[in-house]
Amino acid sequence: MDLRFGDSKPTDDERRAVDAVLGPPESAWEGADDRSAEDLRWARGGREARERRDLLLPGLHALNDRVGWISEGGLDYLCRRLTVPPAEAYGVATFYAMFAVRPRPAQVLHVCTDLTCAARGSAAVTAGLEAEGVAFEPSPCLGLCERAPAALLVRAGVERDEGQAHDPAPPGPGSSLLGALGGQAPTAARPLNSAVPGGTTRGGGPTRLARVIAPATVGALAGVARNPEAAEAEAPAVMAVPQAGHAARPVRPGGRVVPTLPQTPSGGTPTALRDDCPQPHALQLLRRVGVVDPGSVDDYRAHGGYAALRRAFALGPAGVIREVTESGLVGRGGAAFPTGRKWQATASQPDAPHYVVCNADESEPGTFKDRVVMEGDPYALVEAMTVAGYAVGAHRGYLYIRGEYPRAYERLTHAIDEARARGLLGDDILGSGFAFDIEMRRGAGAYICGEETALFNSIEGYRGEPRSKPPFPVEKGLFGKPTAANNVETLVNVLPILTQGAEAFRATETKLFCVSGNVDRPGVYELPFGATLDELLDLAGRPDTLRAVLLGGAAGGFVRPDELDIPLTFEGTRAAGTTLGSGVVLVLDESVDLPRILLRIAEFFRDESCGQCVPCRVGTVRQEEALHRIKDRTGEAAAGDIALLREVGQALRDASICGLGQTAWNAVESAIDRLGVYK
Amino acid sequence: MTTVPLAPPRRLLEFTLDDTPVRVPEGATILDACRAAGKDVPTLCHGDTLTPKNACRVCVVEVEGARTLAPACSRLAEPGMVVRTDTERTRHSRKVVLELLASSVDLSTTPRAAEWIKGYGAEPDRFGPEARRLGEEPRVDNDLYVRDYDKCILCYKCVDACGDQWQNSFAISVTGRGFDARIAVEHDGPLTESACVYCGNCIEVCPTGALSFKREFDMRADGSWDEEAQTETTTVCAYCGVGCNLTLHVQDNEIVKVTSPHDNPVTHGNLCIKGRFGFQHVQNRV
Ligand code: SF4
Ligand code: SF4
Ligand code: SF4
Ligand code: FES
């Protein structure tokens with residue numbers, strides 16, 4: 001290859017930002033300014049640097065975090081260091097919503113205007129900000145739906161690590177959740193290793209400051225925009241788990257008392273009941289959230305952590321796969337593929353190395369369960385990824401987390417560093433001789449990167465465009481090698497499978513649901529398989545005038561208030577002509593303007609289409625246009641455009657390369673057919 | 001498909017194509033099988049010298065047991081597969097894809113587009129006059145070729161030809177996302193400030209005329225471009241020892257553009273700047 005890097009020079013700041021990721025350049029061939037006598041004699045670089053192309057995304061983050069945008073000089077320097085063609089890197093940088101290639105202010109306020117936030121008043125917030133003259137950018141779902149409307153403030157070039165450096169203490173004796181909520185110094189506050197180098201985007205001077213503001217009010221946002229440091233502490237992760245047991249939690253004023261559900265089959269010890277939310281069964285996946293200190297591996301071990309990994313080592317890789325297969329666990333990302341089969345297929349590939357990828361790029365509007373797990377119980381994910389690596393014969397795992405989750409990123413970075421320091425990651429885990437380590441990758445604002453093959457491309461430093469399948473990832477995945485890709489919820493299920501055994505697990509298997517919208521207690525719910533939508537709404541506190549429930553997110557479908565006896569299982573929802581998808585349960589009451597919600601869904605798909613294939617790239621535009629035309633029409637006046645929508649929708653479903661295009665018409669179709677929205 | 005001389009014999013596999021059993025060599029695509037069987041499956045992003053990106057989706061076929069349609073151009077034939085190329089579903093998708101394309105870009109210089117639009121009964125106008133179009137202005141920033149992205153269907157062929165599939169210059173890439181995705185050079189600047197080496201291999205593979213010789217662009221603009229009246233003569237480039245084949249397109253006794261035969265086993269249709277653009281000296285008749 002014959003690369004040309006242009007004449008634009010990086011600023012000192014940009015150079016330092018890139019060097020913090022890649023280390024200083026070793027020769028002029030690698031981008032150093034001065035030529036040494038040796039440089040004139042030998043040409044070096046190239047292959048080695050090219051093999052680290054997966055550092056392109058972290059490098060772009062480093063520039064964007066320090067300067068607020070990616071300049072020509074900065075990008076060219078990064079390209080020279082990695083021997084990546086600038087045209088390709090430019091194509092990558094412009095793919096992601098969080099990057100800018102034109103100058104912009106160092107501070108950007110992202111205000112979510114997506115489904116749940118729209119249903120809970122984001123329009124009033126944005127109008128208020130406009131009136132106050134506060135600059136902001138409308139954003140797709142930030143994954144904070146239980147606290148909608150939500151906002152995220154990002155400021156580049158701040159002399160400190162990203163995220164909130166310390167967290168409110170986990171609730172425990174003597175600590176008050178209310179205190180933490182009110183922003184008072186939590187009792188056991190502890191800096192979360194802001195000085196630990198390790199992850200590739202850490203260390204090395206100014207980086208970004210990211211603050212979550214949710215629920216967002218005009219006043220709070222204006223205040224934070226002026227002084228981000230003064231932002232109130234974010235509510236602890238456990239506040240998103242209404243079922244979690246806290247005697248300390250006061251009854252929500254006006255909270256409805258809900259009748260207790262009949263006891264469902266359960267194992268383990270039931271957690272204490274929270275006063276305003278009945279606890280029909282023991283929590284399995286969420287049981288440590290709010291109980292364990294997310295910053296302490298010792299506390300994690302004190303709460304049963306690393307028992308699963310020990311059991312895995314005792315069983316051997318084939319034994320782990322057998323156990324997972326027998327448990328009947330299927331992927332929770334939406335496709336419901338048997339996890340054991342996937343692991344078996346990866347493990348048995350002759351090609352090497354094998355990889356494990358954790359898909360933590362949860363960007364489906366209305367989804368936030370993985371965030372809550374990662375924030376509340378980060379070591380569980382580290383342990384589960386280690387188990388997966390052991391089972392499929394991988395020595396490296398990649399954790400790809402969405403860029404909008406500063407706290408989850410911070411906690412997992414810390415957890416990985418600490419696990420490494422304790423020999424729970426590294427060359428010889430727990431003295432077993434098994435070597436495994438995890439690299440974190442931060443997404444940069446692209447829903448499509450949740451599609452597993454797009455995610456591989458994103459990690460590898462290419463545009464996050466899905467690849468066509470076959471070949472499947474178990475055969476040719478990350479870096480073209482056999483890869484087991486699982487999402488967070490799927491992986492953490494592996495822990496109870498190993499500690500309880502496959503059979504016991506089958507009896508108590510649960511599913512996480514993200515309940516948001518017009519309910520009394522939005523949050524993540526954990527229910528045994530077989531519970532109905534009705535029962536879930538009982539727990540969450542249903543609205544007085546239920547209009548519809550969007551099940552499975554933007555790619556899912558609407559169900560009517562008279563269909564609530566749908567069992568929340570993969571088969572049950574499929575039989576009812578809808579889908580569990582990513583576990584979204586977005587509840588809408590009569591106050592919601594459905595045609596506008598549909599428009600938002602269409603806008604979302606149009607915006608998030610990678611643009612690779614024609615049905616999706618143009619079809620989503622035509623879908624949005626047709627919905628615009630009929631937003632105030634019904635009956636005959638809408639019939640022509642509905643027919644058009646059906647035709648385009650069928651082609652989207654049949655001919656698109658990936659799931660995004662294939663599902664882009666699902667919700668709209670169900671609103672037309674099941675809710676009769678334009679009748 | 002490119003012929004590789006003296007390749008080891010490949011095993012044949014059998015599958016069912018439109019209710020007829022067919023045998024193709026291992027590694028053949030469904031499209032290869034269709035073409036061998038004399039079936040006309042429309043393609044846009046498939047190129048005979050490139051690995052297709054299967055992005056245009058006009059070649060979709062029905063594979064029994066699959067949830068979605070499959071791109072014939074890239075799906076490998078498997079033994080026992082049951083494939084149908086001309087069903088209501090495939091015709092529907094092709095029709096809608098053609099409508100979507102024709103309503104958003106200018107297909108006037110895309111060979112066969114008009115024929116397929118008619119054949120599949122596509123009506124690009126039914127999305128209404130307000131339907132969003134690319135609306136790009138031609139980029140004329142050098143004397144050799146013009147980038148008229150209003151005609152671009154984002155087939156990725158030029159990117160692949162410029163990048164790792166042929167030229168290894170990596171001067172162009174897809175930028176942006178979704179409907180805003182475009183082909184561009186680094187920092188979206190002019191071609192003259194990019195890594196482009198003007199081999200013109202991107203023009204060679206562009207299926208729509210979005211990339212064209214400056215001369216062709218100008219002649220189309222003033223109405224003097226007349227493909228019917230052109231003759232094509234294949235000869236050998238005399239600039240260097242590689243000896244690439246050149247096909248001279250001549251109109252009114254003037255070379256108007258130079259292409260290269262794709263079935264040439266050495267060049268596969270690729271040339272360098274001299275062979276592709278350096279023909280003026282031939283017609284300096286002072
Ligand atoms: S369906 Fe949409 S998101 Fe998926 S590859 Fe095609 S354009 Fe990209
Ligand atoms: S310019 Fe031509 S070759 Fe390149 S993507 Fe567009 S249509 Fe394809
Ligand atoms: S086209 Fe270029 S490489 Fe080929 S023979 Fe002519 S000068 Fe040589
Ligand atoms: S020719 Fe097959 S998808 Fe374009």
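In the text below, chain A, chain B and the rest are named by the order of the sequence lines, each starting its count at 1.
Only the side chain of A:Arg629 has a heavy atom closer than 4.5 Å to any heavy atom of chain B. Contact annotation for B:Arg126: both backbone and side-chain heavy atoms come within less than 4.5 Å of a heavy atom of chain A. Proximity to chain A (any heavy atom under 4.5 Å) is shown, for B:Asp188, by both the backbone and the side chain. The parts of A:Ala446 that come within reach of chain B are both its backbone and its side chain, each placing non-hydrogen atoms under 4.5 angstrom from that chain. Contact of B:His92 with chain A is made through the side chain alone, with heavy-atom distances under 4.5 Å. Of the two parts of B:Leu154, the backbone and the side chain both hold a non-hydrogen atom closer than 4.5 Å to a non-hydrogen atom of chain A. There is no contact between B:Ser74 and chain A, counting heavy-atom distances below 4.5 Å. Only the side chain of A:Glu625 comes within contact range of chain B, with heavy atoms under 4.5 Å apart. For B:Ala131, the parts lying near chain A are the backbone and the side chain together; criterion is any non-hydrogen pair under 4.5 Å. For a residue to count as touching a neighbouring chain, one of its non-hydrogen atoms must lie under 4.5 Å from one of that chain's; by this rule A:Leu652 does not touch chain B. The contact between A:Tyr96 and chain B is made entirely by backbone atoms, counting heavy-atom distances below 4.5 Å.
For B:Asp125, there are no salt bridge (Lys or Arg N to Asp or Glu O under 4.0 Å) partners two or more places apart in sequence or in a different chain. Partners of A:Arg402 by salt bridge (Lys or Arg N to Asp or Glu O under 4.0 Å), not counting sequence neighbours, listed by chain and number: A:Glu404.
With A:Thr94 contributing its side chain and B:Gly176 its backbone, the two residues share a donor-acceptor pair below 3.5 Å. Proximity of a side-chain donor or acceptor of B:Arg177 to a complementary backbone N or O of A:Phe95 within less than 3.5 Å is detected. Between the B:Arg57 side chain and the A:Ala655 main chain, a donor and an acceptor come within less than 3.5 Å of each other.
Annotation: maximal heavy-atom pairing with chain B below 4.5 Å, among A:Ser609, A:Ser656, A:Gly619, occurs at A:Ser609. Ranked by non-hydrogen atom pairs under 4.5 Å with chain A, the options B:Glu130, B:Arg132, B:His187 are led by B:His187. Among B:Leu44, B:Leu101, B:Val159, B:Val60, the residue making the largest number of heavy-atom pairs under 4.5 Å with chain A is B:Leu101. Of the residues considered (B:Gln167, B:Lys95, B:Arg75), B:Arg75 shows the highest number of contacts with chain A, using heavy-atom pairs under 4.5 Å. For chain B, the option among A:Arg606, A:Gln662, A:Arg463 with the highest count of heavy-atom pairs below 4.5 Å is A:Arg463. In terms of non-hydrogen atom pairs under 4.5 Å with chain A, the most contact-rich of B:Cys155, B:Ser104, B:Cys162, B:Gly128 is B:Ser104.
Using modelled atom types and a 3.5 Å distance limit, the side chains of B:Thr68 and A:Asp654 yield no donor-acceptor pair.
Salt-bridge check for B:Glu99 with A:Arg622: failed, with every basic side-chain N at 4.0 Å or more from each acidic carboxylate O.
In this structure, CZ on B:Phe179 lies 12.0 Å from SG on A:Cys616, to the nearest 0.5 angstrom.
In the displayed structure, B:Lys151 atom NZ is contacted under 6.0 Å by more than 12 heavy atoms of other residues, nucleotides or ligands.
Heavy-atom proximity under 4.5 angstrom to chain B picks out A:Leu644, A:Glu647, A:Val648, A:Gln650 from residues 641-650 of chain A. Scanning residues 198-208 of chain B against chain A with a 4.5 Å heavy-atom cutoff picks out nothing at all.
Shortest non-hydrogen contact noted between A:Gly91 and B:Ser173 is CA-OG, 3.9 Å.
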